Amino acid sequence: MSGANNDGSHMDRAGLARWLAGAAGLGAVGTIAGVTVARSMTRRAVIEDPYLNENFETLDGDRSYVVTTPDGVPLAVREVGPADAPLTVVFAHGFCLRMGAFHFQRIRLSEEWGPQVRMIFYDQRGHGRSGDAPPETYTVTQLGMDLETVLQVIAPRGPIVVVGHSMGGMTVLSHARQYPHHYGNRIVGAALISSAAEGVTKSPLGEILNNPALEAVRRAARSAPKLVQRGRNVGRSVIGPILRAASYADWNVSPSVVAFSEKMMLDTPITTMVEFSHALEVHDESAALPTLTKIPTLVVCGDHDLVTPAEYSTKMADVLPESELVIVARSGHLVLLSKPDPINDGLVRLVKRSTPGRFATLSQRWRERILRRD
């Protein structure tokens, strides 16, 4: 026997019971989390905000493209810098974010590198301006395949540095496992920011995500996605507060930065949120690490990251002889937004290590030109 919803979707009685039980549990968690968030925002309200008038949507004004994956998903792409630049740097964002998470990298590095680097940013499937996809494709393996599609279409020639934050770092690792022949050939450098080679089941986030209520939401998202999307606050009442709490470790973070990151999370469709949360739990891309030994790498993490704790980054760096490990003090999972300078400086060093010689000379000439102009 089944019950019809107003939108015509169906859920069997047992599934509905699981959904209601899960919703009750999630509601209780949401109440507790809401108090925590309210307290944190009260404390942040008295902070002087250096980014009060910051335009966090700068990427929307950059050259735009749409890359369609082989399974028909449109991926939104933005490009900064000349198409014929000597080097292309490709950025893959993290879970429940979008390409705008690299806002401070886009601003600072375009000034640093000038016309010598083309930067490519894109929204992962199910995130931002990119299209939704069948839930069964929300896997880290598929994200690696999507990255390959972006590279084939947008950067078919020339050297590339790949940069990934959180799930984006896992995307880079997935790509390295599936396409190892690119590394040490066209791909000359890689950065893994707040990421992990294996599932996060042993992290604080993983322990919380291992929640029967969240599993009920995941099952409901597959059997009645429209119903779950209408009740999306239920699923977010578990995942959203966890991500917000794990994002920043310093109370002095700009309230505008916090509001921007929270908007990205809240704009994420619930199916994307619950399906990729499972993918992060079970993924294992440790087999990709030997491939990254061929190239210079940058591994960065905040020292108070609750999603991918610093031990994950340290473990990766230990097996990558050409890696630079940077642990950023008083920083959580969104270190690229809260403490962008160590990230940006590390990426500048990575590009220098990845492209010695000609690029270094051109970059020096560009900086000297800017100094003369000032």
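Remember, it's a predicted structure, so these values are computed and weren't measured experimentally.
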Check: With distance as the sole test, does S338 use its side chain to make a donor-acceptor pair with the main-chain N or O of V253 at under 3.5 Å?
Finding: no
Check: Are S331 and H304 close enough that a side-chain donor and a side-chain acceptor fall under 3.5 Å?
Finding: no
Check: Are side-chain heavy atoms of M316 and L173 found at a separation under 4.5 Å?
Finding: yes
Notebook entry, point to check: Taking atom types as modelled and ignoring hydrogens, do the side chains of Q178 and S174 form a donor-acceptor contact shorter than 3.5 angstrom?
Noted result: yes
Checklist line | Any donor-acceptor N/O pair, S166 side chain to G94 backbone, under 3.5 Å | finding: no
Note to self: Hydrophobic clustering (ILVMFWY, side-chain heavy atoms < 4.5 Å, transitive) - are L192 and L151 grouped together?
What the structure shows: yes
Checklist line | Taking every non-hydrogen atom, the tightest pair across P180 and T291 | finding: CB-OG1, 3.7 Å
Next item on the list: Report the C-alpha separation of V89 and I160 in whole Å, then their side-chain angles, then the decisive distance to 0.1 Å, and conclude whether the side chain to side chain contact (heavy atoms under 4.5 Å, CB included) test is met.
Entry: CA-CA 6 Å; V89 180; I160 298 168; over 6 Å; no
Item checked: Spacing of S261 atom OG and F56 atom CZ [to the nearest 0.5 Å] -> 9.0 Å
Margin query: How long is the straight-line distance from CD of E311 back to CG of D318, given to the nearest 0.5 Å?
Written below: 11.5 Å
Next item on the list: Drop me the distance from S194's OG to L334's CG, to the nearest 0.5 angstrom.
Entry: 7.5 Å
Notebook entry, point to check: With sequence neighbours left out, what residues match D49 under side chain to side chain contact (heavy atoms under 4.5 Å, CB included)?
Noted result: Y51, L52, S254, P255, S256
Notebook entry, point to check: Between L336 and M265, is there a shared hydrophobic cluster once you connect ILVMFWY residues whose side-chain heavy atoms come closer than 4.5 Å?
Noted result: yes
Next item on the list: Assess whether atom NZ of K315 is packed by more than 12 heavy atoms of other residues, nucleotides or ligands within 6.0 Å.
Entry: no
Next item on the list: Check whether L337 and I107 end up in the same hydrophobic cluster, where Ile, Leu, Val, Met, Phe, Trp and Tyr are linked by side-chain heavy atoms less than 4.5 Å apart.
Entry: no
Notebook entry, point to check: Any side-chain heavy atom of R129 within less than 4.5 Å of one from V77?
Noted result: no
Item checked: T137 side chain to A133 backbone, donor-acceptor under 3.5 Å -> no
Next item on the list: For the pair R349 and D345, find out whether any cationic side-chain nitrogen is under 4.0 Å from an anionic carboxylate oxygen.
Entry: no
Item checked: Spacing of K352 atom NZ and L347 atom CG [to the nearest 0.5 Å] -> 12.5 Å
Notebook entry, point to check: Given I343 and I193, is the side chain to side chain contact (heavy atoms under 4.5 Å, CB included) satisfied, shown in steps?
Noted result: CA-CA 8 Å; I343 307 298; I193 305 168; 3.8 Å; yes
Item checked: Non-hydrogen atoms of V80 and S110 that approach each other most closely -> CG1-CB, 4.1 Å
Notebook entry, point to check: Can D84 and R118 be counted as an ion pair, charged N to O under 4.0 angstrom?
Noted result: no
Check: Taking C-beta and beyond as the side chain, do E324 and L350 meet within less than 4.5 Å on heavy atoms?
Finding: no
Next item on the list: Give the intermediate values and the outcome of side-chain hydrogen bond (donor to acceptor under 3.5 Å, both in side chains) for residues E112 and N344.
Entry: CA-CA 9 Å; E112 173 76 27; N344 296 337; over 6 Å; no
Margin query: Using side-chain heavy atoms (C-beta onward) and a distance below 4.5 Å, is M119 in contact with E79?
Written below: no
Note to self: salt bridge (Lys or Arg N to Asp or Glu O under 4.0 Å), that's the test. Do R125 and D132 meet it? Break it down for me.
What the structure shows: CA-CA 6 Å; R125 62 175 53 210; D132 295 332; over 6 Å; no
Notebook entry, point to check: Looking only at atom types and distance, does a side-chain atom of T58 sit under 3.5 Å from a main-chain N or O of N55, one as donor and one as acceptor?
Noted result: yes
Next item on the list: Grab the two heavy atoms, one from M99 and one from D123, that are nearest each other, plus how far apart they are.
Entry: N-OD1, 2.7 Å
Notebook entry, point to check: So do the side chains of T149 and V67 get within less than 4.5 Å of each other, counting heavy atoms only?
Noted result: yes
Check: Just wondering, more than 12 heavy atoms not from R330 lying within 6.0 Å of its CZ?
Finding: no
Check: Can you tell me how far NE2 of H181 sits from CG of N185, rounded to the nearest 0.5 angstrom?
Finding: 8.0 Å
Next item on the list: Could you give me the CA-CA distance, side-chain angles and deciding distance for E57 and R98, then say whether salt bridge (Lys or Arg N to Asp or Glu O under 4.0 Å) is met?
Entry: CA-CA 11 Å; E57 307 300 334; R98 51 184 168 86; 3.2 Å; yes
Check: With sequence neighbours left out, what residues match H175 under ring pair (Phe, Tyr, Trp, His ring centres under 6.0 Å)?
Finding: Y179, H182, Y183
Check: Would you say the side chain of M170 lies within less than 4.5 Å of the side chain of L143, judging by non-hydrogen atoms?
Finding: no
Margin query: Taking R78's backbone N and O only, do any of them form a donor-acceptor pair with S64's side chain (distance below 3.5 Å, no angle check)?
Written below: no
Next item on the list: Indicate yes or no for a side-chain donor-acceptor contact from R186 to the backbone of A155 under 3.5 Å, with no hydrogens or angles considered.
Entry: yes
Note to self: For a quick test of reading the model, state the closest non-hydrogen atom pair linking V172 to V163 and the distance between them.
What the structure shows: CG2-C, 4.2 Å
Item checked: Shortest non-hydrogen contact from G346 toward L298 -> C-CD2, 3.5 Å
Item checked: Nearest non-hydrogen partners of P86 and P115, listed with the distance -> CD-O, 4.0 Å
Next item on the list: Would you please indicate if the ring centroids of F276 and F95 are separated by under 6.0 Å?
Entry: no
Next item on the list: Report the relative orientation of the aromatic rings in H165 and F102; use parallel for angles under 30°, tilted for 30 to 60°, perpendicular for over 60°.
Entry: perpendicular
Check: Is there a side-chain contact between S313 and L325 (heavy atoms, below 4.5 Å)?
Finding: yes
Check: Taking atom CE of M145 and atom OG1 of T69, what is their separation to the nearest 0.5 Å?
Finding: 8.5 Å
Item checked: Test item: R63 side-chain N/O and G81 main-chain N/O as donor-acceptor pair under 3.5 Å -> yes
Item checked: hydrophobic_cluster_shared for Y138 and L147, side chain cutoff 4.5 Å -> no
Next item on the list: Applying side chain to side chain contact (heavy atoms under 4.5 Å, CB included), run through T171 and V140 and close with a yes or a no.
Entry: CA-CA 6 Å; T171 300; V140 175; 5.6 Å; no
Check: Does a side-chain heavy-atom distance below 4.5 Å link L75 with V66?
Finding: no
Checklist line | Test log, rule side chain to side chain contact (heavy atoms under 4.5 Å, CB included), inputs V351 and W113 | finding: CA-CA 10 Å; V351 164; W113 289 329; 3.4 Å; yes
Notebook entry, point to check: Between Q124 and D146, do the side chains contain an N or O donor and an N or O acceptor separated by less than 3.5 Å?
Noted result: no
Notebook entry, point to check: Between V300 and V319, is there a shared hydrophobic cluster once you connect ILVMFWY residues whose side-chain heavy atoms come closer than 4.5 Å?
Noted result: no
